[in-house]
Each structure stands twice: as structure tokens, then as C-alpha cells.
Amino acid sequence: MTNDNALHEFIKLVQKSDNIVFFGGAGVSTASGIPDFRSAKGLYNEDNLFPPETILSHSFFLEHPDIFYDFYRQKMIYLKAKPNTAHVVLAKLEQQDKLMAVVTQNIDGLHQMAGSKRVFELHGSIYNNHCLKCHKFYGLDKITETSGVPRCTCGGVIKPDVVLYEEPLDDNIVRAAIGSIRDCDLMIVAGTSLAVYPAAGLINYYSGNKLCLINLSATPYDSMANYVIHQPIDKVFSLLDI
Ligand code: CNA
């Protein structure tokens, strides 16, 4: 099927379906000005002293929280980013009872900012932070309005509730995400290289025949998908007349 035919079919499927699940990654937010990891302009292709996978790992956080926070504040937090067409259309689809859930690997909170309510954040969120010692909660301002390693009133180090490499995903979130994927009729996977596990593996819980994959570049799951669209997500979603 050509890109154009797949796009045409995709639009018809969304119009007809009332049980959609959207599974997304960093590519959903690039149109909002947040770089992804693995594109040519992504963070993994920049020259850093340590590779991002190393800096964003649990052991590195514990050993060098100062270097972690320099990188994290500069590269992972985009206070001015606003939802783009894809986020907005997904929120509308939910309001119309067509979209059952957004399962996202993103940590930027843009789906909620657009109005989506049922969002499963597999890798956590920059908006939630906790003290490692007394578990007191802190918002994003505690990270952005301080410098160096942010500390709790008890003296403990504050850590963002984002899932770092070497850390497990939250069981409850994974279970809820799997439940929605298992039950859905149409699954849209978009803006993800599908290289990060266990998140990418959740697609295997979909057993229907309407798996639509929207991504600029090819992914390991292209051959498994029923419809593959290699076009920008925001452009594709702007064609959904809802
Ligand atoms: P990734 O590995 O960087 O892959 C992104 C994919 O999106 C690539 O294959 C791109 O080709 C594709 N892409 C980029 N822009 C577009 C676009 N406009 N339209 C269509 N496709 C596009 O990112 P993954 O999400 O697969 O990897 C998971 C990581 C990335 C998670 O742990 C995230 O926390 C992490 N991440 C999140 C954000 C964010 O929250 N916005 C930003 C950067 C990285």
C-alpha cells in the first residue's frame, strides 16, 4: 500500500472507530519544539561528554547528580513548549468518546496540557518529583527555580519521577496500558523509534487488524503494521476533520 493510500485508509478508520488507543513517543512533540532522541537532530546525535543513555541512568544519577541535573534542565525541560495539532486532535477524539487512552513514552505533559484525561505515562513526568529520603512531593518549579542538585527540606536529594535507564516501569501504569491496548479496535502508534523496551513491546498486546504506524523513518514494527505512514504526525492529524 502506498503512503497516500495508507493515509486515506487511516482517516476512514479513525472516522469509523470508537475504540482507539494511541501509543506515542518523542516524535509526537518535535512539532512543539522538543527534540527527540534518535532523529538526525535528536539528542543522541549531539556531542556530549557522556552519552545521554549514561547520563539518564539510575546509577549515573546517584553518582553524579550535579552532571545529571545540568543535562536534565538544559535538554529535557522545555517550559515554553505548547501542544501541537496532534495533541489537540487526540484530546478532541477523547472528548468525542472515540479515543480510549493515550499511552505515551513522553515525559513532557503536553497531552494533559491539550486536555487529554486518560494518559498512561510509561516513563513518568517532569512535573512530578520526590525526595529520595522522606518521599515529599515537589512540582517542576523546584527543579527549574533552583540550581545544582535540588534538595528537600529534610536534606535529601530530590529526583524527578521519570523512569531512568536501569529502572523498572510502574506496574500499575503498565497494567492499565496493556488493558487498553488489548481491548482496543484501532491502535495508532506514532513518533517512536520503537527501540526502547519494555515500552515498545506493549504493541504486541494488540491483536486486532488495524495497527496504524505513523513515523518519519522506518521502525522494526513496520512489517507488523497494517497501515504504515511515513509522514509528519502533526500533518497527518491536521487531516482528521473532527
Ligand atoms: P526516539 O527514539 O527519539 O524516536 C522518535 C521517532 O519519532 C523517530 O523514529 C523519528 O523519526 C520520529 N519522529 C520525529 N519527529 C516526527 C514527526 N514530526 N512526525 C513523525 N515522526 C517523527 O523516541 P522514542 O519516544 O521512541 O524513545 C523513547 C524515549 C524518548 C522515552 O524514554 C522518552 O522519555 C524519551 N524522550 C521524550 C521526550 C518528550 O517527552 N517529549 C523527548 C525526547 C526523548
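This structure is a prediction, so every number in the text was calculated from the model and none was measured.
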Under a single-linkage definition using a 4.5 Å side-chain heavy-atom cutoff for Ile, Leu, Val, Met, Phe, Trp and Tyr, are Leu240 and Ile233 assigned to the same hydrophobic cluster? yes
Residues in side-chain contact (heavy atoms from CB on, under 4.5 Å) with Ser57, at least two apart? Ser59, Phe60, Tyr165, Glu166
One pair to check against side-chain contact (heavy atoms from CB on, under 4.5 Å): Asp170 and Val174. What are the steps and the verdict? CA-CA 6 Å; Asp170 181 309; Val174 172; 5.9 Å; no
For residues 187-199, which side-chain donor-acceptor pairs fall under 3.5 Å, sequence neighbours excluded?
| residue | atom | partner | partner atom | Å |
| --- | --- | --- | --- | --- |
| Thr192 | OG1 | Gln105 | NE2 | 3.0 |
| Thr192 | OG1 | Leu194 | N | 3.0 |
| Tyr197 | OH | Tyr221 | OH | 3.1 |

Exercise: identify the closest heavy-atom pair between Leu211 and Met224: CD2-O, 4.0 Å
Calculate, to the nearest 0.5 Å, the distance between atoms CZ and CG belonging to Phe22 and Leu186 respectively. 11.0 Å
Say whether, by atom type as modelled, one donor and one acceptor occur between the side chain of Asn129 and the main chain of Gly139 under 3.5 angstrom. yes
Distance-only, no hydrogens or angles: does the Arg118 side chain make a donor-acceptor pair with backbone N or O of Met100 under 3.5 Å? yes
Please report the C-alpha distance between Asp18 and Asp97 in whole Å, then the side-chain angles of each, then the deciding distance to 0.1 Å, and finally whether the side-chain contact (heavy atoms from CB on, under 4.5 Å) criterion is met. CA-CA 6 Å; Asp18 59 2; Asp97 288 332; over 6 Å; no
Between Asn215 and Ser217, is there a donor-acceptor pair closer than 3.5 Å when you use the side chain of the first and the backbone of the second? yes
Residue pairs fulfilling salt bridge (charged side-chain N to carboxylate O under 4.0 Å, His left out) with at least one residue in residues 190-212, sequence neighbours excluded: Asp185-Lys210
With salt bridge (charged side-chain N to carboxylate O under 4.0 Å, His left out) as the rule and sequence neighbours excluded, what pairs involving residues 214-230 come up? none
Give the cluster check for Ile107 versus Met113: same hydrophobic cluster or not, with ILVMFWY residues linked at side-chain heavy-atom distances below 4.5 Å. yes
At their closest point, which heavy atom of Val163 faces which heavy atom of Leu122, and how far apart are they? CG2-O, 3.6 Å
Is Val88 reachable from Val28 through a run of I, L, V, M, F, W or Y residues, each pair having side-chain heavy atoms under 4.5 Å apart? no
More than 12 heavy atoms from other groups under 6.0 Å of NE2 on His8: no
Counting distance only, does the side-chain N/O of Asn19 pair as donor-acceptor with the main-chain N or O of Lys98 below 3.5 Å? no
Start with the C-alpha gap between Phe50 and Ile67, add the side-chain angles, then the distance that decides, and say whether side-chain contact (heavy atoms from CB on, under 4.5 Å) holds. CA-CA 10 Å; Phe50 297 96; Ile67 303 177; 4.0 Å; yes
Can you see which heavy atom on Ser116 is nearest to which on Leu90, and at what distance? OG-C, 4.2 Å
Which value, rounded to the nearest 0.5 Å, describes the distance between Leu132 atom CG and Cys154 atom SG? 9.5 Å
Sequence-distant partners of Thr54, side-chain hydrogen bond (donor to acceptor under 3.5 Å, both in side chains), two or more places apart: none
Step by step, would you call Val14 with Ile11 a side-chain contact (heavy atoms from CB on, under 4.5 Å)? CA-CA 5 Å; Val14 173; Ile11 292 168; over 6 Å; no
Those residues that, when tested against Lys142, pass side-chain hydrogen bond (donor to acceptor under 3.5 Å, both in side chains) (two or more places apart): none
Residue pairs fulfilling salt bridge (charged side-chain N to carboxylate O under 4.0 Å, His left out) with at least one residue in residues 76-94, sequence neighbours excluded: none
In this structure, is the centre-to-centre distance between the rings of Phe68 and Phe61 below 6.0 Å? yes
With Ile77, which residues qualify under side-chain contact (heavy atoms from CB on, under 4.5 Å), at least two apart? Tyr72, Leu79, Ile126, Leu140, Ile143, Thr144
With a 3.5 Å distance limit and no angle check, can you tell me whether Ser32 reaches the backbone of Ile34 through a side-chain donor-acceptor pair? no
Holding to ring pair (Phe, Tyr, Trp, His ring centres under 6.0 Å), I want the full list of residues that pass it with Phe23, two or more places apart in sequence or in another chain. none
Any idea which heavy atoms bring Val149 and Tyr69 closest together, and the distance? CA-CD1, 4.2 Å
dist Asp66:CG -> Ser147:OG (nearest 0.5 Å) comes out at 11.5 Å
What salt bridge (charged side-chain N to carboxylate O under 4.0 Å, His left out) pairs are there with at least one residue in residues 151-160, not counting sequence neighbours? Lys159-Glu167
Taking atom types as modelled and ignoring hydrogens, do the side chains of Asp36 and Thr30 form a donor-acceptor contact shorter than 3.5 angstrom? no
Considering all heavy atoms, the nearest Tyr227-Asn209 contact: CE1-O, 4.4 Å
Under the side-chain hydrogen bond (donor to acceptor under 3.5 Å, both in side chains) rule, collect the residues that match up with Gln231, sequence neighbours excluded. Lys235
Quick one: CD1 on Ile20 to CG on Leu99, what's the gap to the nearest 0.5 Å? 6.0 Å
Residues that Asp161 engages under side-chain hydrogen bond (donor to acceptor under 3.5 Å, both in side chains), provided they are two or more places apart: His130
Nearest heavy-atom neighbours spanning Asp108 and Tyr127: O-CE1, 3.5 Å
Has the side chain of Asn204 got a donor or acceptor atom that lies under 3.5 Å from a matching backbone atom of Gly201? yes
